[in-house]
Protein chains: 2
Amino acid sequence: MNELLALFTRSSKLMRAAADEAMSQHGVRVGQNLILEVLWETDGLTPGELAGRLHLATPTVVKSANRMATAGLLLRKPDPADARLVRLYLTDRARAVRQAIERERDDLERRMTATLTPEEREHLRNALSKIIEQLAGDPGPAPGGASPAETQAAPRSAQPPEAWV
Amino acid sequence: MNELLALFTRSSKLMRAAADEAMSQHGVRVGQNLILEVLWETDGLTPGELAGRLHLATPTVVKSANRMATAGLLLRKPDPADARLVRLYLTDRARAVRQAIERERDDLERRMTATLTPEEREHLRNALSKIIEQLAGDPGPAPGGASPAETQAAPRSAQPPEAWV
DNA sequence: GGGTTCTCGTTAGCCGGCTATCGAATGTGA
DNA sequence: TCACATTCGATAGCCGGCTAACGAGAACCC
């Protein structure tokens, strides 16, 4: 029963395992590559900003960033203007593995869709997008149904959230 | 970049979160519902058997089963014939929540595919099956490529693995 | 200027994955 | 029969998610 659910959980676990195995060859765990991905674009973000862009809880980012700091991938510096903030900066080592990690991501995506036709890939993209849209907005099975226009209503922040993953 | 990868990780996290929220209303966490799903069909399995059917590592099942035992969902009894084995039995409470949990699974599947046409659902099933087949068999990017016929070659066990999730 | 409120990161603790290792029990073979 | 190999669950410890509670600092508003 619930075939789609089963297929989904199975495939996501397989993908995660494959990704972790691939990234670990370069000293980066699967959860850390997401943080790197964002910092490679804009260095010096705070844990809260990273959590927002990655759709993660702040403590998750804090813990991961601490591990990455002890692993020599990140540097934690206090913000000079606001003592509440901590800014995370890439080390040379983090910058050095960028190409390798991105290649692993490409390889994985290619590997997982190896037996899919371009059409099937397009269908998959479309279906996943719809699922995300469906699950991200509404807080639950609201009977009336919230208007889809309200999805992703910009918060009071000037900077757009820029959802990454 | 890696759009499919990003869509996949995002949707799987959303699904997992939605599933956990739904199941938790009935005192069952998302990882526990898998164990229940199997035991509802065949009660009294060992941790190792469960791990095999669910594609999990044995310690994962052991820890989860212990939590479920203290939560009053499972009973751990030593096997009378083989003192190495532990058999896990459902409690009345575990049997009682079966309908509710299964309904939550149905609801979630319906909710996530709410905006998909039957055709799109079929495409999704097809694509996920192909991805699983692709990632489950080969241990890596083997250049020669293992023959696909070898996938799921039956081990020496008489009982088929009966992969569930 | 000073109290209140808000915002941020940190900590503690839970769940669910994993590997490595260990100890106990069974099975096997000389 | 008895040593050795195998098998199984348990333990320790890691990573990556989460919520709840806390404390320090900024911002705000008298």
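Proteins come first, then strands; the chains are lettered A, B, ... in the order of their sequence lines, and each starts at number 1.
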Q: State yes or no: do A:Val61 and A:Val86 share one hydrophobic cluster built from I, L, V, M, F, W and Y residues joined by side-chain heavy-atom distances below 4.5 Å, directly or via other members?
A: yes
Is it true that [X] and [Y] have a side-chain N and a carboxylate O under 4.0 angstrom from each other?
{"X": "B:Lys130", "Y": "B:Glu133", "result": "no"}
{"X": "B:Asp106", "Y": "B:Arg103", "result": "no"}
{"X": "A:Arg53", "Y": "A:Glu37", "result": "no"}

Integer-rounded Å distance: [N] [atom2] and [X] [atom1]:
{"X": "A:Leu88", "N": "C:dT10", "atom1": "CG", "atom2": "C1'", "value": "13 Å"}
{"X": "A:Met15", "N": "C:dC18", "atom1": "CE", "atom2": "C1'", "value": "17 Å"}
{"X": "A:Asp20", "N": "C:dC18", "atom1": "CG", "atom2": "P", "value": "11 Å"}
{"X": "B:Lys63", "N": "C:dT19", "atom1": "NZ", "atom2": "P", "value": "13 Å"}
{"X": "B:Leu85", "N": "C:dA24", "atom1": "CG", "atom2": "P", "value": "17 Å"}
{"X": "A:Lys13", "N": "C:dG17", "atom1": "NZ", "atom2": "C1'", "value": "8 Å"}
{"X": "A:Asn66", "N": "C:dT11", "atom1": "CG", "atom2": "P", "value": "7 Å"}
{"X": "B:His55", "N": "C:dT19", "atom1": "NE2", "atom2": "C1'", "value": "19 Å"}

Q: Would you please say whether a donor-acceptor pair under 3.5 Å links the side chains of A:Arg121 and A:Thr113?
A: yes
Which one, [options], comes nearest to the side chain of [X]?
{"X": "A:Leu56", "options": "D:dC18, C:dC6, C:dT26", "value": "D:dC18"}
{"X": "A:Pro59", "options": "C:dA12, C:dG9, D:dA26", "value": "C:dA12"}
{"X": "B:Val86", "options": "D:dG9, D:dT6, D:dG16", "value": "D:dG9"}

What is the nucleic acid contact for [X], judged by heavy atoms within less than 4.0 Å: base, sugar-phosphate only, or nothing?
{"X": "A:Arg16", "result": "sugar-phosphate"}
{"X": "A:Ala57", "result": "base"}
{"X": "A:Arg76", "result": "sugar-phosphate"}

Q. For DNA chain D, which residues in residues 26-33 of chain A have a heavy atom at a distance below 4.0 Å?
A. A:Arg29, A:Val30, A:Gly31, A:Gln32
For [N], does OP1 or OP2 lie under 4.0 Å from any side-chain N or O of [X]?
{"X": "B:Arg67", "N": "C:dC14", "result": "no"}
{"X": "A:Thr60", "N": "D:dG16", "result": "no"}
{"X": "B:Thr46", "N": "D:dG9", "result": "yes"}

**Q.** From A:Asp43, A:Asp82, A:Asp79, residue fulfilling side-chain hydrogen bond (donor to acceptor under 3.5 Å, both in side chains) relative to A:Arg87
**A.** A:Asp79
Q: Using the side-chain contact (heavy atoms from CB on, under 4.5 Å) rule, take B:Arg98 and B:Leu36 through it: C-alpha gap first, then chi angles, then the decisive distance, then the call.
A: CA-CA 8 Å; B:Arg98 174 169 184 175; B:Leu36 289 180; over 6 Å; no
